[in-house]
Amino acid sequence: MKISMEKFSPQKVLLGTLIVFFCSMLILQATLTSGWSVQKRRVNFVTDDGVNLSGTLYVPANATQETPAAGIVVAPGGNTPHTFYASYEIELARRGYVVLAYDYYGTVGSEMSTAAGSGAVAAMKYLTGLSFVDTDRLGATGHSNGGGQASAAITSEYAAGATKRGVVFIGCGISGQDLSVYDGIGLMAIWGKLDEAGQGTFWDVYHEDRLNYGAFAELVGVESSEVEPGKWYSGTDSSVRVIYTPNTFHCLSNIVPSSVSNIVDFFDRTIDGNASELSANSLIYIWQEFAVLLAALALCVMIFPAGALLLEMPFFASLKRPVPQAAGKADAKFWVFLLLPAVISALLVKSTVIQGQTIMGKLPRLFNVQSTNGFIWWFFLSALIAVVFFLVRMKVDKTVSKERVQERLAISFTGLLKSALFGLAAVGVPYIAAVFGDRLVGWYGRVFQSYFAPIASYRVYEFPVYFILFGALFVVFAFIQADGLRLAGASARTDYWLTFLANALPAILFVGYIFGRLLLTHVTPIAGREMSRANGAMMGMLLLYFVVAKAVTYFYKKTGNIYVVAMVNAAFITWLSINTPQFMIF
C-alpha cells in the first residue's frame with residue numbers, strides 16, 4: 001500500500017486508512033459469519049487447573065437445542081493465536097458444525113500453564129456442555145504443537161461416548177505411543193512435503209524424497225512404503241484413515257485451499273455434520289485472509305499521517321531539527337559496512353535466539369514473553385556488532401563527520417521524554433483503531449504471523465519493560481542508519497531500500513538459507529528447538545521491517561531526530577511483540 005504524503009495531505013491519508021480499515025472489518029465480519037448466518041461469540045472457559053482460556057465459538061443457525069449440531073474443537077499450535085486457523089473454522093461453521101477454537105496457554109488472552117493437554121480437554125468439556133451440540137458427533141483438529149492437544153480432546157472422557165468421532169493432524173506426527181486410543185476414531189493427517197518442521201517427525205531422518213509414514217502405516221495395517229496419499233483406508237472398527245501430502249511449508253498446510261477442502265470433506269464423511277448443500281470445494285475463507293491483511297496494512301500506514309499531524313502540534317514542534325545534507329558515497333567501503341554486520345548477525349541467529357529465551361527467562365520476572373526475549377537478545381548483540389563496525393567506519397570513511405555524530409546524539413531528558421510520547425502517540429492512533437475493530441468484530445488484522453491485536457489486560461505491565469529495551473536498541477540503529485545510509489544525490493526511494501536492506505538482511509539470509517536448502521535438497525536445517533525458534537523469530541520480523549525502514553526514512557526526513565525515529569519503531573514493535581506471543585514457562 002504505497003501512499004505519497006506529498007500528493008495527499010496527512011488528514012486525507014489518515015481518513016483514507018481509517019475507511020480502509022473499517023471496510024476490511026466489515027468484509028471480515030461478513031466472511032467469519034458467512035453473511036451473518038453464523039453467530040460468532042468470544043468465549044472464556046476455565047480448565048480443571050483453574051486456568052482461564054480465551055477462544056471463539058461459532059454457532060450456525062441449524063444448531064439448536066431441538067436440532068443439536070456436530071461439534072469440533074480447533075487446537076492451535078504453540079505460540080499461535082486461534083485466528084490463524086480461521087480458514088477451516090469458517091468453512092466448517094458455515095456448513096453447520098459448531099466450532100470452538102481456543103488460544104493456546106500463554107497466548108493472546110489465555111493464561112499461562114504447564115499442564116499438558118488439559119486446555120484441549122477443557123475445550124471439549126465446554127463444547128459438549130452446550131445444549132445445541134450433538135455429543136454423539138465430535139471432532140478435533142490440531143496443527144503443529146496442537147496435534148497432541150487435538151488427540152487429548154478427542155480421546156478425553158467428554159468425547160469418549162460419541163459414536164462418530166474424527167481427528168485431524170496437520171503438520172505434526174500422530175500423537176501417542178498407544179495407537180489403540182484411535183480405535184473407532186476417523187483420522188486424517190496432512191503432512192506438507194516442504195514442511196520445514198517435519199524432519200524426523202513425519203519426514204524420515206535423511207528425507208530422501210519420501211515420507212516416513214510410521215504410525216499411519218501401522219494404523220492402516222500396511223508397510224510404510226505401501227501407503228498411498230489420498231486413499232481412504234477402512235479399519236476393522238469401521239473407522240477411516242486418510243493422509244494428504246500437499247507441496248506446502250509448515251505454516252501453509254492449514255491455509256491452502258486443497259487442505260481446507262480435505263478437512264471439510266473428512267468431517268463430512270466421518271461425523272456427518274454438514275447441514276448445508278455446500279460442497280467441500282465451495283470456499284469463502286480467502287476473503288478473511290484478504291481482509292486481515294488489508295486491515296493490518298491500513299494500520300501500518302496509519303502511523304505516518306498520524307505522526308505528521310502530531311508534528312504540526314506546538315508541543316512536538318521542538319522535536320524538529322535541521323536535516324543534514326546526505327554525504328554518503330556508494331563505494332566499496334559503504335557496501336562493506338552495510339553488508340558485513342548483517343551477515344555476521346545472520347550467523348548468530350541460530351544460537352542467540354534460544355540463548356536469549358534462557359538468559360532473560362532467568363532474570364526477575366519482568367521479561368515474560370518467550371519469543372520476544374529471544375529476538376531482543378539477538379537484537380542487542382546485533383546492535384553491538386553495528387556499533388563496532390560504525391566505530392571502525394569513522395576511522396576509515398571520511399564522509400562520516402564526528403561533529404555530525406555528536407549533534408545527532410545530543411538530547412536532553414525532556415527531549416527524550418517528548419520523543420517517547422511522540423512515538424507512543426503516533427502508534428497509539430492505529431492501536432486505538434485496532435481496539436475498536438476488535439470490539440466490533442472480535443478479530444484483528446494479520447500479516448502472516450504478525451497479529452495486530454489489542455494487548456490483553458494481564459499483559460499491559462509488560463509494555464513499559466519491553467518499550468524501554470526496544471527504545472534503547474532502536475536508538476542505536478537509528479543513529480547508524482538514519483544518516484549513515486543516505487547517499488549524496490540519491491532519491492528517497494533509494495534511501496528507503498538501503499535502510500530496509502540494512503534492517504532485514506539478517507532475516508532474509510537466515511530464512512533464505514532454511515527454505516532455499518529445503519527447496520533444493522528437501523532436507524530441512526530445522527532439526528531442533530534452536531533452529532525452530534530462530535526461524536519463528538526471523539519470520540515474524542521479516543515483514544515488519546518494511547514498516548521499520550519506512551519509519552526511519554520518513555520521520556528522519558520530517559524531524560532530523562534519531563530519537564523520534566527510534567521511539568516510533570520501539571512503540572510499534574513492542575505492541576506486536578507482547579500482544580499475542582506465548583509467555584515464558586518458569
What heavy-atom pair brings Thr17 and Val301 nearest, and what distance separates the two atoms? CG2-CG1, 3.5 Å

Using modelled atom types only, decide if a donor and an acceptor are shared between the side chain of Asn579 and the backbone of Tyr451 within a distance under 3.5 Å. yes

Report yes or no: does Tyr285 contribute a side-chain atom to a donor-acceptor pair with the main-chain N or O of Tyr85 at less than 3.5 Å? no

Take a 6.0 Å sphere around CZ of Phe22 and say whether it holds more than 12 heavy atoms from other residues, nucleotides or ligands. yes

So does Trp191 get a backbone contact from the side chain of Thr245, meaning a donor-acceptor N/O pair under 3.5 Å? no

With side chain to side chain contact (heavy atoms under 4.5 Å, CB included) as the test, would you mind laying out the steps for Asp438 and Arg42 before giving the verdict? CA-CA 11 Å; Asp438 181 64; Arg42 180 175 290 171; 2.7 Å; yes

Is the shortest side-chain heavy-atom distance between Phe572 and Leu544 below 4.5 Å? yes

Contact check, side chains of Ile170 and Tyr88, non-hydrogen atoms, under 4.5 Å: yes

Using side chain to side chain contact (heavy atoms under 4.5 Å, CB included), reason through Arg94 and Leu278 one step at a time and then give a plain yes or no. CA-CA 9 Å; Arg94 65 191 287 255; Leu278 297 172; 3.7 Å; yes

Does Glu226 CD have over 12 foreign heavy atoms under 6.0 Å away? yes

Output for pair (Leu28 CG, Gln288 CD), nearest 0.5 Å, gives 6.0 Å

Answer with yes or no after comparing the ring centroid distance for Trp575 and Phe452 against a 6.0 Å cut-off, counting only values under it. yes

Whether Arg165 side chain and Ile154 backbone form a donor-acceptor pair below 3.5 Å: yes

Hey, are the side chains of Val369 and Ser577 touching, using non-hydrogen atoms and a 4.5 Å cut-off? no

Between Leu92 and Val264, is there a side-chain heavy-atom distance shorter than 4.5 Å? yes

Distance-only side-chain donor-acceptor flag, Ser180 / Asp178, under 3.5 Å: yes

Donor-acceptor pair between Glu89 and Tyr58 side chains, under 3.5 angstrom: yes

Please round to the nearest 0.5 Å and tell me the distance separating atom CD of Gln149 and atom OG of Ser144. 11.5 Å

Please verify the inter-ring angle class for Phe290 with Trp287; under 30° counts as parallel, over 60° as perpendicular, anything in between as tilted. perpendicular

If you measure from OH on Tyr182 to CZ on Phe216, what distance do you get to the nearest 0.5 Å? 13.0 Å

Per-pair distances, 0.1 Å, donor-acceptor, side chain in residues 125-133, under 3.5 Å, sequence neighbours excluded:
residue	atom	partner	partner atom	Å
Lys125	NZ	Asp48	OD1	3.4
Thr128	OG1	Met124	O	2.8
Thr128	OG1	Lys125	O	3.2

Rounded to the nearest 0.5 Å, what separates atom CG in Asn368 from atom OH in Tyr461? 3.5 Å

For the OG1 atom of Thr31 and the NZ atom of Lys40, what is their distance to the nearest 0.5 Å? 11.0 Å

Under a 3.5 Å cutoff, is there a donor and acceptor pairing between the side chains of Ser253 and Ser259? no

Do Arg269 and Trp232 have side chains that approach each other closer than 4.5 Å (heavy atoms only, starting at C-beta)? yes

Would you sort out whether Ser239 and Leu187 count as a side chain to side chain contact (heavy atoms under 4.5 Å, CB included), showing the intermediate values? CA-CA 8 Å; Ser239 60; Leu187 185 147; over 6 Å; no

Measure from the side-chain N and O atoms of Asn274 to the backbone N and O of Asp268, and report whether any donor-acceptor pair falls under 3.5 Å. no

Closest contact, heavy atoms only, Thr135 versus Ala162: O-CB, 3.3 Å

Ser87 side chain to Asn254 main-chain N or O, any donor-acceptor pair under 3.5 Å? yes

Test item: Arg446 side-chain N/O and Phe84 main-chain N/O as donor-acceptor pair under 3.5 Å: no

Less than 4.5 Å apart, any side-chain heavy atom of Tyr105 and any of Thr47? yes

Minimal heavy-atom distance between Thr155 and Val181, with the atoms involved, is CG2-O, 3.8 Å

Check against side chain to side chain donor-acceptor pair (under 3.5 Å), Asn373 and Tyr466: CA-CA 9 Å; Asn373 286 347; Tyr466 285 100; 2.5 Å; yes

For Pro246 and Ser258, the nearest pair of non-hydrogen atoms, with its separation, is CB-OG, 4.4 Å

Supply the atom-to-atom distance Thr107 OG1 to Leu53 CG, rounded to the nearest 0.5 angstrom. 8.5 Å

For the residue pair Met541 and Ile573, establish whether any side-chain heavy-atom pair is separated by less than 4.5 Å. yes

Excluding sequence neighbours, so at least two apart, what forms side-chain contact (heavy atoms from CB on, under 4.5 Å) with Leu26? Trp36

Would you find a donor on one side and an acceptor on the other, under 3.5 Å apart, between the side chain of Asp49 and the backbone of Val51? no

What are the two closest non-hydrogen atoms of Ile271 and Leu138, and how far apart are they? CG2-O, 3.5 Å

If we ignore hydrogens and angles and just use 3.5 Å, is the side chain of Ser24 paired with the main-chain N or O of Phe21 as donor and acceptor? yes

Reference residue His82; test ring-ring contact (aromatic ring centres under 6.0 Å, His included); the match among Tyr104, Tyr102, Trp443: Trp443

side-chain contact (heavy atoms from CB on, under 4.5 Å) involving Val460 - partner list, sequence neighbours excluded: Ile455

Within-4.5 Å side-chain heavy-atom neighbours: Tyr444 and Val108: yes

Determine yes or no for a side-chain-to-main-chain donor-acceptor pair under 3.5 angstrom, with Ser110 supplying the side chain and Asp103 the backbone. yes

Here the pair of heavy atoms bringing Pro68 nearest to Asp134 is CB-N, 3.6 Å

Residues Thr67 and Thr64: side-chain donor-acceptor under 3.5 angstrom: yes

For the pair Leu293 and Glu289, evaluate side chain to side chain contact (heavy atoms under 4.5 Å, CB included) and give the outcome as yes or no after the intermediate values. CA-CA 6 Å; Leu293 176 60; Glu289 298 295 326; over 6 Å; no

